[in-house]
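No hydrogens, no waters, no symmetry mates; every other heavy atom, side chains included, goes into these values. Keep in mind that what you see is a predicted model, and the values were worked out from it rather than measured. Order of the sequence lines fixes the chain letters, A, B, ..., with proteins taken first and strands second; residue numbering starts at 1 for each chain.
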Number of protein chains: 2
Amino acid sequence: MNANGDGMAQARETGTLGKLMVLLDLVTHADAPLRFTDILSLAGQPRGTLHRQLSHLVEEGLLELDGDGRYAPGLRLLDFAARSWARNEFRLIAEPHLAALQQVTGETVHLGVLRGQSIIYLDKVEGRQPVRMYSQIGNASPCYCTGVGKAALSLLPAESLADLLAGVNFTRFTAATHASPASLLAEIHEIADQGYAFDREEHEAGIRCVAAPIWSEDRTFLGGVSITGPAYRLSMELLAQWAVPVQQAAGSIMEGMRIRLGPRR
Amino acid sequence: MNANGDGMAQARETGTLGKLMVLLDLVTHADAPLRFTDILSLAGQPRGTLHRQLSHLVEEGLLELDGDGRYAPGLRLLDFAARSWARNEFRLIAEPHLAALQQVTGETVHLGVLRGQSIIYLDKVEGRQPVRMYSQIGNASPCYCTGVGKAALSLLPAESLADLLAGVNFTRFTAATHASPASLLAEIHEIADQGYAFDREEHEAGIRCVAAPIWSEDRTFLGGVSITGPAYRLSMELLAQWAVPVQQAAGSIMEGMRIRLGPRR
DNA sequence: ATAGATTGTTCCATTATTTGGAACTGAATT
DNA sequence: AATTCAGTTCCAAATAATGGAACAATCTAT
């Protein structure tokens, strides 16, 4: 049934929009296109209501309904996202610095921002092979097991950090994934001291990274840059050496933001 | 089925959602982030109403409000789009055929779908240099001046075509852009006969392409594949030769759809 | 083929949300 | 200090969303 697991996280105050977003989330997070009845049981809404809601989403192009009555994410989302990405100021500022960092290390470079409890990857510069485009960009990953995520968390004041972690559901992706707030907190203090973070195969087995935090003057904006690669090629010693160039890249990006965005607020 | 006998074009029946989408459109189509007052004048809504609507969009992450009170597209759109793209069945089916076509010609290959009066580019395989990711993917381009667009239009029955063109605003991007439905219609008949379409620098000066149409059995789904490149390298003679491989790729993709999606619809 | 179950769609009185005018706050400008 | 301008909050009235129930269209198992 509507086994929502832990607690009611849906205390949104966005009225009609909030209800529709829950549906959009359901459909876009599903592994395969959903039938009307699938959504019915997941959303727990009356049939009539759900039918109208889905119709509206389809009419607006946010969902698509195929001939077999299956609902899939709509292509209008792509159009919105393309614009959102192309004009994103932070990404535009960071772009050249990411490319430079990739040149120096030869490995894949990521740029991410903290949104809620997730890191959203805004850009990626890969080494050899051509990019499979949305492979990582736009992806929302957990903050507690990614380099960029932990770097961003290390910037938060203790109280906000506690609040944020209280809502996190710790999924163990690998043997190295932090399983509780306690062990994560200890590492985050360390990260705050040294100014960079590692991902020791915590999100994906065989993948390591080193990341440095990026923040705005008022600490409203939290994100990071990282260098990622396979563990067989990236020893922990090598990663530790790369902490310096990653921090420098982060510094350059912050400088770029200061200049471009001005001394506001 | 649109049993809409009378031609109420713009009257969307999506209630609250429709109004919010207008705002999202405004903000994502703007050249720069908009202030509250900018949106106020564009949207023509009462202040109180607009304020609540924008707040809801921000709270849901569809818009972002920076410290200077400027509204920009939200990053949640990226997350939605990444999923929408990654799981898109049509794109997954077409992917290998696009790569093959790129190998044969060495030029950039595009995959697009007709949505309303626009072509939305779903994928892109580039020749040499690494892809700048959202450069084209997700982009919505006019149907009347792109190869994929004209190929898709050539599949429409006369009446639907007339209806669609009635709503098109013919912007002349270059000297070669069709300026009226009349000249476009003539070319579309030709395209329908021969089974492929050219873009003779109609959208962007110096850029040519040849495209072949793709459709589902019931002609509900219309799209196309194209090979695009600079005019100095792609003579019209060369493009004409490539009509064959492009049509073959389109055929393979349609075959893939038939197998994967079954004889339904 | 037929009955019965399942799935999807439409209707409409009730209920809840949205609306929009107006009054309020705070910052920038004169 | 006075005046505009930009943004926010409030609440009765207008409007849209809700959800139960009836209806229609498919599927499934005799």
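Atom CZ of B:Arg52 and atom C1' of D:dC11 are 13 Å apart (whole Å). We find that CG of B:Leu54 is positioned 9 Å from P of D:dT8, with the value rounded to whole Å. Between the C1' atom of C:dT7 and the CG atom of A:Leu34 lies a distance of 15 Å, rounded to the nearest Å. The nearest whole Å value for the distance from the CD atom in B:Glu59 to the P atom in D:dT8 is 14 Å. The CZ-C1' distance, from B:Phe36 to C:dA27, rounds to 16 Å in whole Å. Here D:dA16 presents its C1' atom at 13 Å from CG of B:Leu20, a figure rounded to the nearest Å. In this structure, A:Leu17 places its CG atom 17 Å from P of D:dA16, rounding to the nearest Å. Straight-line distance from the CG atom of A:Leu40 to the P atom of C:dG8: 9 Å, rounded to whole Å.
Between the base of C:dG20 and the side chain of B:Arg47 there is no donor-acceptor pair shorter than 3.5 Å.
Under a 4.0 Å N-O distance rule, the pair B:Asp25/A:Arg83 does not qualify as a salt bridge. One finds a salt bridge joining B:Glu89 and A:Arg70 here, because a Lys/Arg side-chain nitrogen approaches an Asp/Glu carboxylate oxygen to under 4.0 Å.
Taking 4.0 angstrom as the limit, B:Thr37 places none of its side-chain polar atoms (N or O) nearer than this to OP1 or OP2 of D:dC5. Taking side-chain N and O atoms only, A:Thr16 has no distance below 4.0 Å to OP1 or OP2 of D:dA16. Checking the phosphate oxygens (OP1, OP2) of D:dT8, a side-chain nitrogen or oxygen of B:His51 falls inside 4.0 Å. OP1 or OP2 of D:dG7 lies within a sub-4.0 Å distance of a side-chain N or O belonging to B:Arg35.
Along DNA chain C, the nucleotide nearest to A:Lys19 and the one nearest to A:Tyr71 differ in position, and the one closer to the 5' end is contacted by A:Tyr71.
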| task | Take A:Phe221 and A:Phe90 through the ring-ring contact (aromatic ring centres under 6.0 Å, His included) test and state the conclusion after the steps. | result | CA-CA 10 Å; A:Phe221 176 97; A:Phe90 175 53; 4.6 Å; yes
| request: Please report the C-alpha distance between B:Phe36 and B:Tyr71 in whole Å, then the side-chain angles of each, then the deciding distance to 0.1 Å, and finally whether the ring-ring contact (aromatic ring centres under 6.0 Å, His included) criterion is met. | output: CA-CA 7 Å; B:Phe36 179 86; B:Tyr71 289 88; 7.0 Å; no
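Closest to the A:Gln45 side chain, of the nucleotides D:dG19, C:dT19, C:dT7, is D:dG19. Relative to the side chain of B:Gln53, the nucleotides D:dT18, C:dT17, C:dT19 differ in distance, and C:dT19 lies closest.
Donor-acceptor pairing under 3.5 Å is lacking for the side chains of A:Glu59 and B:Thr14.
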